[in-house]
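Residues take their numbers from the sequence shown, with the count starting at 1.
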Amino acid sequence: MITVLFFAKYREQLGLGRMSLELTSATTVSELKKRLVEQGGDDWAAVLFADNTLCAVNQTIAAAADAISDGDEVAFYPPVTGG
């Protein structure tokens, strides 16, 4: 089981901030995104495959090919801006 978190505007766009997901096999960030889009549809694709969407696995910035293991926490969030 992994925990998937959505922060800031993504939480609002998707209507949830946290979900648990069972992993049936080893996966990558890219494969997780595809699986979430299959379940969630176009709104999820717009968030997860936006050019500026960031991902962290266990609070470390992750790339598309990085592995996700059972027990991991995966977070998706937009770039931080300030002013």
Taking side chain as C-beta onward, heavy atoms only, is F49 less than 4.5 Å from K33?
yes
Hydrophobic clusters here meaning ILVMFWY residues chained together by side-chain heavy-atom distances under 4.5 Å, can you tell me if V37 and V74 are in one?
yes
List the atom pairs, donor and acceptor, that lie under 3.5 Å between side-chain atoms in residues 54-69 and the rest of the protein, sequence neighbours left out.
| from | atom 1 | to | atom 2 | distance (Å) |
| --- | --- | --- | --- | --- |
| N58 | OD1 | E73 | N | 2.9 |
| N58 | ND2 | D72 | OD1 | 2.8 |
| D66 | OD2 | A63 | N | 2.8 |

Between the CG atom in L23 and the CD atom in E31, the distance rounded to the nearest 0.5 Å is 10.0 Å
- Item | Other residues, nucleotides, ligands: >12 heavy atoms within 6.0 Å of N52 CG | yes
So ring-ring contact (aromatic ring centres under 6.0 Å, His included) across residues 13-37, not counting sequence neighbours, yields none
Show me the donor-acceptor pairs within less than 3.5 Å that the side chains of residues 2-17 make with the rest of the protein, sequence neighbours left out.
| from | atom 1 | to | atom 2 | distance (Å) |
| --- | --- | --- | --- | --- |
| Y10 | OH | T53 | OG1 | 2.9 |

Please report the C-alpha distance between L32 and L21 in whole Å, then the side-chain angles of each, then the deciding distance to 0.1 Å, and finally whether the side chain to side chain contact (heavy atoms under 4.5 Å, CB included) criterion is met. CA-CA 10 Å; L32 173 63; L21 192 64; 3.4 Å; yes
